[in-house]
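A short worksheet on the structure shown next.
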Amino acid sequence: MNKKRKIRVLLGGILTLALVVTCGVVYQSGSKSTPNEKELVMENEEDSVDQAIKTEERAEPEEETADVNTSNVEGTRDEEEQGEENQEETAEQTEETQDETVPDSEAASAQVTEQVEAALAPNLNFTESSLMEWPVNGQVIIDYSMDNTVYFPTLNVYKTNPGIVISAEVGTPVAAVANGQITSINENEETGITVTVDMGNGYQAVYGQLKDVPFQAEEYVTAGSVLGYVSDPTKYYTQEGPNLYFALRKDDTSLDPLQYLP
């Protein structure tokens with residue numbers, strides 16, 4: 001019995017040793033495979049990294065191309081905007097040039113007009129020895145008088161008179177007595193529409209009780225030109241009837257018109 005027990009113990013030990021050896025081999029096999037798996041994982045990771053880098057390298061040219069395209073588009077837009085700005089500046093410069101040209105043209109035209117008018121202007125050289133034409137054919141019903149008074153029928157008063165009153169029918173043409181330039185056309189309460197003409201050398205002729213005057217101030221007239229027509233008399237001359245009021249002045253001093261009429 002003892003011998004059998006020893007054999008069993010020996011066999012058990014052998015089995016145990018075999019089991020331990022087998023486990024050790026298995027353990028060593030497992031331990032050796034782990035580094036390989038780790039290396040495989042690392043290699044896979046490295047491959048993934050390389051692939052990612054290559055993908056990024058491929059993407060970079062596309063991004064650069066996109067950037068270039070974007071830059072081209074932006075450059076084109078900038079050029080278009082610059083072109084529009086240049087066109088606007090050119091238009092503004094053209095408008096400014098036109099604005100500057102228009103006043104210059106107007107000034108030049110006005111200057112030419114003045115020169116033409118001056119060339120066509122009659123000679124204004126009325127003197128003490130000059131004679132005037134009669135402005136209308138008619139009777140002098142109130143004389144010139146600055147030294148003594150004369151009678152005014154409508155007003156029923158005696159007073160001085162710086163001109164003459166010539167009877168004429170309504171609508172009778174009134175002629176300029178000499179060459180001159182119209183200095184004013186005014187509405188006067190006593191003498192109605194009144195035209196004053198500068199004849200040169202300080203001499204002025206005054207025509208009153210007019211209508212339908214075809215001239216304007218600063219225009220030139222020649223002797224015999226129709227300055228207007230005899231109008232209905234104002235309330236100051238109703239008794240005298242239609243007439244022309246005519247006066248002559250030298251440097252604002254009244255003169256007797258009859259001394260200068262033939």
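Along the sequence shown, residues are numbered consecutively beginning with 1. Since this is a predicted model, take the numbers as computed values, not measurements.
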- Task: Report the distance from atom CG of N179 to atom CG of D198, rounding to the nearest 0.5 Å.
- Result: 11.5 Å
- Identify the heavy atoms of S254 and Y144 that sit nearest to each other, and give their distance. O-OH, 3.4 Å
- Item | Y260 with I142, same ILVMFWY side-chain cluster at under 4.5 Å | no
- Task: Drop me the distance from L244's CG to T191's OG1, to the nearest 0.5 angstrom.
- Result: 10.0 Å
- Might you confirm whether atom NZ of K159 has over 12 heavy atoms from other residues, nucleotides or ligands at distances under 6.0 Å? yes
- Should W134 and V136 be regarded as members of a common hydrophobic cluster, given that ILVMFWY residues are connected when their side-chain heavy atoms come within less than 4.5 Å of each other, either directly or indirectly? yes
- Decide whether E240 and T154 meet the rule of one side-chain donor and one side-chain acceptor closer than 3.5 Å. yes
- Query: Given the rule that I, L, V, M, F, W and Y join up when any side-chain heavy atoms are under 4.5 Å apart, are Y229 and F246 in one cluster?
  - Reply: no
- Item | Closest non-hydrogen atom pair between G180 and V197, with its separation | CA-CG1, 3.6 Å
- Please tell me if the side chains of Y237 and F152 come closer than 4.5 Å, counting only heavy atoms from C-beta onward. yes
- State the OG1-CG distance between T234 and N188, to the nearest 0.5 angstrom. 8.0 Å
- Query: What pair of heavy atoms forms the shortest contact from N243 to I141, and how long is it?
  - Reply: CB-CD1, 4.5 Å
- Query: Just how far is it from atom CG of L248 to atom CG of L255, taken to the nearest 0.5 Å?
  - Reply: 5.0 Å
When the side chains of residues 199-207 are checked against the rest of the protein, which donor-acceptor pairs come out under 3.5 Å, sequence neighbours left out?
unit_1, atom_1, unit_2, atom_2, d
N201, ND2, N125, OD1, 2.9
N201, ND2, F126, O, 2.8
Y203, OH, E128, N, 3.4
Q204, OE1, R249, NH2, 3.4
Y207, OH, V177, N, 2.9

- Would you call Y151 and N156 a side-chain contact if the rule is heavy atoms closer than 4.5 Å? yes
- Message: Quick check: closest heavy atoms across A247 and P162, and the distance to 0.1 Å?
- Response: CB-O, 3.8 Å
- Donor-acceptor pair, Q209 side chain versus G192 backbone, under 3.5 Å? no
- If we only count heavy atoms from C-beta on, is the V221 to V226 side-chain gap below 4.5 Å? no
- Shortest non-hydrogen separation from M132 to P257 and the atoms involved: CE-O, 3.6 Å
- Query: Does some side-chain heavy atom of Y245 sit less than 4.5 Å from a side-chain heavy atom of T194?
  - Reply: no
- Is a side-chain donor or acceptor of N161 paired with a backbone partner of D143 at a separation under 3.5 angstrom? yes
- Where do E190 and Y236 come nearest, in terms of heavy atoms and distance? CA-CD1, 3.5 Å
- Query: Just how far is it from atom OG1 of T160 to atom CG of D147, taken to the nearest 0.5 Å?
  - Reply: 9.5 Å
- Query: Checking T222 side chain against S225 main chain: does a donor-acceptor pair fall under 3.5 Å?
  - Reply: no
Pairs of donor and acceptor atoms involving the side chains of residues 164-172, under 3.5 Å and at least two apart or interchain, shall be tabulated with distances.
unit_1, atom_1, unit_2, atom_2, d
T172, OG1, E169, N, 3.4
T172, OG1, E169, O, 2.7

- Rounded to the nearest 0.5 Å, the NZ atom of K250 sits from the OG1 atom of T127 at a distance of 10.0 Å
- Query: Is the backbone N or O of L258 less than 3.5 Å from a side-chain atom of D256, with the two atoms forming a donor-acceptor pair by type?
  - Reply: yes
